[in-house]
Each structure stands twice: as structure tokens, then as C-alpha cells.
Student: 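Structure provided below as C-alpha cells; questions to follow.
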Amino acid sequence: MLEKLKQTAFIALSFKNSSFSRQLSQLTFPPFQSKLKALCSNGQLHQALLEMAVEGLEMKFEGYDTILNECVNRKALREGQRVHTHMIKTQYLPPVYLRTRLLILYSKCDCLVDARYVFDEMPERNVVSWTAMISGYSQKGVPLEALNLFVQMLRSGTEPNEFTFATILPSCTDDYGFNYGRQIHSLIIRYNYDSHVFVGSSLLDMYAKAGKIHEARTVFDSLTQRDVVSCTAMIAGYAQQGCDEEAVELFRRLLKEGMNSNYVTYASLLTALSGLAALDQGKQVHNHILRQELPSYVVLQNSMIDMYAKCGNLIYARRVFDSMPERTVISWNAMLVGYSKHGMGSKVLELFQMMRAEGYVKPDSVTFLAVLSGCSHGGMEDTGLEIFDEMVAEKDGFQPNIEHYGCVVDLLGRSGRLEKALKFIDEMPYKPTAAIWGSLLGACRVHSNIDVGEYVGRQLLEIEPENAGNYVILSNLYASAGRWEEVRNLRELMKEKAVTKEPGRSWMELDQTLHTFHASDRSHPRKDEVHMKVKELAVRLKEAGYEPDLSCVLYDVEEEQKEKILLGHSEKLALAFGLLSTSEGTPLRVMKNLRICVDCHNFAKFISKLYGRKVSLRDKNRFHHIKGGVCSCGDYW
DNA sequence: GTAGGGTTAG
């Protein structure tokens, strides 16, 4: 009995053993495919490639699929090329799926030419292969080819999906692309993808970048689902179009509704706050960001430098800059531009020397713009000209472009070398732009050079007749020479050309609230008080020697009316409001969307002197720090 | 397998 039992047990055991050993043999000598899979998932891509070389004919679909997948994940170009070569050598004809994988690999590794080769050789294509190829061009910044392929795709009868639409829309940004963009939008509606989050965020971004901010908002509002990216795209869209208040307002609302934010959201928000020069709110956001410990912090720090600089606080901007463990060219540029806009030429040069000495980051086109305009704003014309010569000699491996030439015109003009500036324009390798003539015209006004000014003004009015600012400066110039007949002619010309002027707007931040004033504004809650104050100021300032500069008004009205118009300028309203609402000695921080006019600049200087207030005025171009009747711009802007 | 938003200058 015992014997029998033992026997049964033995049989059972040996049966079990044989099964076990079978399993074991499978583990020790697994099929080729699972071996590859195991190697790839262990990260041993090179070992897998060796296996491919040895057991080549075993590869087939699964093998190639496994190994290519790993190559794509790792963006391993050379390894992927070996797989591709192997296919060719073993005369393996890959199906669409594998060819698409190869295409994606090349595209992700920035080898568009190879990707296109694979694409062109495909006997048939599906929506994924088309989309992957379009994506390659779109991300490489070749929007025309992306659009071209998209059209070919439609012609071939392949139906686009949500991936295709989300991919193609970013290629519809410039004027040419936008025409396609509109048509693609109607296609999207036909395919019922218009409320899809990914498609929607691309779509609203396209409209925003084309300046159609209301259309962008319509798309945003129609989304059935929202996420960080779509919300950020809308906030960024507002900020890019200069609708800064809308950007901040939307951020606040979405935050209340529980939106998530990431570093892109904050970067866009900070751009909007920079535009508004809302220092208090900017500081608050800075603190908020510090608490979040977000990745890609360098982008945010760059935005922060820019925000503090544009809000007039260079100390904080520099503090952020100094604390950075690593900097990009944008960090340097933001700081340089900051110093430049404040007219701190020596700080600009100091920082630029530091950048060159460190040598980790190479200066780019923007760096030189900042340095040259910094020299200009800081009254260091000759140093600026020397740096330009170094550029021409390619000291930093960088050739000047038209904007740098424009800076030189500005440098020469500022130092009064107007004839030389004219000659320089004549000899430069570019056709002068309106901006270049405009800066020279400004110089002619400051140096009261009517001869050069008249010539420059005529050039300018020819290429940019619609810009009201040009007429104002030329009129200032004629008025200063007492040539009233010309002033009148200019006014007629301006009427004829139906010049439109962006409405002037000034604002100041008080307890995290922005108070905005428009020219002759009647909308502010304290409007009556503010207007009374302006009148009162005019009387006091006149006693101290202020004389309204009536040539700043181009309307054909009585002198008395002109003075009234001048007193209605938005920056005067903001200054009066500042005096009314802040205690004695508090500095006044005023922002203006356009360039400040000569009369308002003068007005602000008198205020600083008579009321003992520091006035910091940020206009479209730069900061004016006015103290005791003297401005940091040296009356040149 | 393929997809969307961002920082400096003008």
C-alpha cells in the first residue's frame, strides 16, 4: 500500500517536474520576440540591437515594432538607423505601421529629410502617417510645407482626425496661413471637432495670433471641456494682443473656478502684468509662484525679471537675475533691456561686459539692440558707435541687421550729428524704415534742425502717412521755428489723409487697483475732483514758469481751446489723481500707452519740483525718472 | 503610432 502510494507520488512528481522543466526551458530559451521585449523594457537597447544582428531573420513585425518603439521613446537616432538598414539588408518590406514609426523617429530626431524620404517611399499612407509628417514640418517651423501636405492629404481622400487638426492649426499663423485657417475651421465644424479641447486650443490660439481676439474668445467659450492648455492659450492670447486687463481678469476668474496653472500660465500672466506695470499684483504673483515649486523655473524667472523691470523696480529685477542658478540669453536680454529703458547706460555696459566675460551665453540680435539703445538712452553715444563697429567686425560672430542700423541713426541723431545720420542712412545696406526716419525726426526736433527735419519729415510722411505722431513731431519742429504757415499746411494734410491715432491712455496702480484715464476722460468715479485738480495745478505751475506748448495740439481751434485740450491729456489726469490720492512725498508712478508729449513731460517736471515728488513715468519707449524738475532722459526721448 | 498654450527685442 505504502509502495503504491510512493509510486503514485513519484509519477505525480515526475509529471509535475516535466511540466516545470518545460516552463523552465521556455524561460531559459525564450522565443526571440519575448527576449527582445524583455531587453527593451530593461533599457538594454544595445543588447537588443546585437540580438537583431545575430537573429536577423527572426525579426519580423513584432521584433521591429518592439525595437523601433524603444528608439522613438529614447529619440535614439543612430540605433533607429541601424534598424532601418537592417530592414533593407534583410529585404524586409515593412507595413504602413512600421514605416510610420520610422517616419516619426526621424521627425522627432530633427531629420526631416529622412522622414520625408520614408514618407515618399510609402506604398500607402493612413491618417497617422500623414499627421506625423505634417507635425514634423509644423514643429520644424516650415508652415508652408505643412499646409501643402495637409491639402495633398485631403486630395488623396484620407480623412483628417482630431490629431491632424490640432497639428495643422499652429501652421496657420501668418496672413497667408490664416486664410487657410479660416477654411480649416469650417472643415473642423463639419467634422464635429470644434469643441474638442486640443483642436479648440489650437484654434483659439490661431485666432488670437491673427489679432482676432473676439473670435478666439468665442472658440474658448464654446469648448465643452477646458484644461490648463486651453485656458493658458486664451490668457496668453490676450497678453500677446496687449489686452492685459482682460488677461488678468480671465486668470482671476478661472482661478476661482478651480483652473490648474503651470509655468506657461504664469509666464503669460506676468507678461500681462508687465504691460500694466502692476507692481503690487506682480509681487503677489511672484510669491504665489515661489510657493508652487514649478518646473522650468528659468522661463518664469525670465518673465519675472521683465515684469519687475517694466514695473520700474530694477532692484528686484536684478535680485531675481542674480539668484538664478542658470541663465539663458533671454535672462540677460531682459535685464539689459530693463537697464536700457531706464536710461542706465553704464549698467547696460557693465552687464554686457559680464556676459562677454562669462562666455557661457552668446549675445544675440536682441542683446545688441538692448546694448545699442541702452547707450543711446544713457547718453553714451560714442561707446554705442564703437560697439556697432565691433559688430560689423563680427567680434561676437554676429552681423548687424536693419534694427541695429536704426540704433546707430538714433545714436548719431541724439548726439546732434544729424547730417552724418543722413549720410549713414544713405549708405547703409538696407532701405530705411518709418521707424528709422521717425527717430531721426525726433532728433531734429530736439536739436531744432529745421533743414534736415523738413527733409526727414517729408520722407516719413510719404511712407507712413497714417501715423498721427509723425505730424505732431514735424508740427512741433515748424512751430519752434515760428513757421506757422507750415503748421497749418500740415494740419490740412493730416485731415486729408484721415489720420487715425491710437487713443492716449494713462494709468496708475493704487492698492492693487488700476486707475485708468483717457484724454479728456469723464468716466473715472472721481472725475470732477481730478479735473478741478488739473485746473488748479495749471494755475500754480504757470506761476512757477510753466508755459503750455500749444504746438502739441494739431486741431484747428482757438488758442484757449488748445490749452484746454492739452490739460485733458491723460497723463496729466493721472498725475492729478496721484497727487489727490497719495500722501505727501509718495513717489508717483504713471504709465502711458503712447509716447509722452513735450507738454506733458514739462508738466511732470514742474510737478516734481513744486510738490517735491519723484515722478516715474513709463511711456511706450522708456522710463522717465523725474526728480526736482530734472528728467533722467535728459529731455531726449 | 500622430495633437494644442510660454519668457527678451520691435
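Numbers restart at 1 for each chain; the letters A, B, ... are given by sequence-line order, proteins then strands. A quick note: this is a predicted structure, and the numbers were derived from the prediction, not measured. Every heavy atom of this structure was used, including side-chain atoms; hydrogens, water molecules and symmetry mates were not.
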Student: What about A/N262, does its side chain sit under 3.5 Å from the base of B/dG6 through a donor-acceptor pair?
Tutor: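 Absent.
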Student: Looking at A/Y360, I'd like to know if the NZ or CZ of A/R327 sits under 6.0 Å from its six-membered ring centre while staying within 45 degrees of the ring's axis.
Tutor: no
Student: For the pair made of CG in A/N69 and C1' in B/dG1, what is the distance, rounded to whole Å?
Tutor: 8 Å
Student: Looking at every strand, decide which applies to A/S303 at a 4.0 Å heavy-atom threshold: base, sugar-phosphate, or nothing.
Tutor: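 Here A/S303 touches the backbone only, sparing every base.
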Student: With heavy atoms under 4.0 Å as the rule, sort A/S373 into base, sugar-phosphate or nothing.
Tutor: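 No contact at all - A/S373 keeps every heavy atom at 4.0 Å or more from the nucleic acid.
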Student: Atom OH of A/Y339 to atom P of B/dA9: distance rounded to whole Å?
Tutor: 16 Å
Student: Would you mind classifying the nucleic acid contact of A/Y263 as base, sugar-phosphate or nothing, using non-hydrogen atoms under 4.0 angstrom?
Tutor: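 Counting heavy atoms under 4.0 Å across all strands, the contact made by A/Y263 includes a base.
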Student: Base, sugar-phosphate, or nothing for A/V199, non-hydrogen atoms under 4.0 angstrom?
Tutor: nothing
Student: Under 4.0 Å between a Lys/Arg side-chain N and an Asp/Glu carboxylate O for A/R116 and A/E145?
Tutor: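 A salt bridge links A/R116 with A/E145.
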Student: At under 4.0 Å between heavy atoms, what does A/N161 touch on the DNA or RNA strands: base, sugar-phosphate, or nothing?
Tutor: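 Contact class for A/N161: base.
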Student: So what does A/E403 hit on the nucleic acid, given a heavy-atom distance under 4.0 Å: a base, only sugar-phosphate, or nothing?
Tutor: sugar-phosphate
Student: Round to a whole Å and report the spacing from CZ of A/F398 to P of B/dA9.
Tutor: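 Taking atom P of B/dA9 as the reference, CZ of A/F398 is at 16 Å.
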Student: Regarding A/S135, tell me which of base, sugar-phosphate or nothing describes its non-hydrogen contacts under 4.0 Å with the strands shown.
Tutor: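 Sugar-phosphate only.
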Student: Expressed as a whole number of angstroms, how long is the span from A/F198:CZ to B/dT2:C1'?
Tutor: 12 Å
Student: The side chain of A/S202 is closest to which nucleotide in this list: B/dG4, B/dG5, B/dG1?
Tutor: B/dG4
Student: Measuring from A/E246:CD to A/R217:CZ, what's the distance to the nearest 0.5 Å?
Tutor: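 Answer for the CD-CZ pair, A/E246 versus A/R217, is 9.5 Å.
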Student: Looking at B/dT8, I'd like to know if its phosphate oxygens (OP1 or OP2) sit under 4.0 Å from a side-chain N or O belonging to A/K341.
Tutor: no
Student: In whole Å, what is the span from the CG atom of A/N126 to the P atom of B/dA3?
Tutor: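 About 14 Å, once rounded to whole Å.
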Student: Starting from P on B/dT8, measure out to CG on A/L314 and report it in whole angstrom.
Tutor: 16 Å
Student: Describe the nucleic acid contact of A/V72 in one word from base, sugar-phosphate, nothing, applying a heavy-atom distance below 4.0 Å.
Tutor: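 No contact at all - A/V72 keeps every heavy atom at 4.0 Å or more from the nucleic acid.
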Student: A/V366 versus A/L336: any side-chain heavy-atom pair under 4.5 Å?
Tutor: no
Student: By the 4.0 Å heavy-atom rule, please label A/V371 as base, sugar-phosphate, or nothing.
Tutor: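 No contact.
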Student: Nearest to the side chain of A/P170, heavy atoms from C-beta on, is which of B/dG5, B/dA3, B/dT2?
Tutor: B/dG5
Student: Check every atom of B/dG6, B/dA9, B/dA3 against the side chain of A/V299 and return the nucleotide holding the closest atom.
Tutor: B/dG6
Student: Can A/S201 and A/S230 be counted as having a side-chain donor-acceptor contact under 3.5 angstrom?
Tutor: no
Student: Starting from C1' on B/dT8, measure out to CD1 on A/I330 and report it in whole angstrom.
Tutor: 5 Å
Student: Whole angstroms only, please: what is the CD1-C1' distance between A/I184 and B/dA3?
Tutor: 14 Å
Student: Checking all strands, does A/S365 fall into the base, sugar-phosphate, or nothing category for heavy-atom contacts under 4.0 angstrom?
Tutor: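 The answer is nothing, as A/S365 stays clear of every strand by at least 4.0 Å.
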Student: Can you find an N or O donor on one side and an acceptor on the other, under 3.5 Å apart, linking the side chain of A/T232 with the base of B/dG5?
Tutor: yes
Student: For residues A/L98 and A/L68, report the shortest heavy-atom separation together with the two atoms involved.
Tutor: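 In terms of heavy atoms, the two residues are closest at O-CD1, 4.1 Å.
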Student: Give A/A236 one of three labels, base, sugar-phosphate or nothing, depending on what nucleic acid heavy atoms sit under 4.0 Å from its own.
Tutor: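 The residue A/A236 makes sugar-phosphate contact but no base contact.
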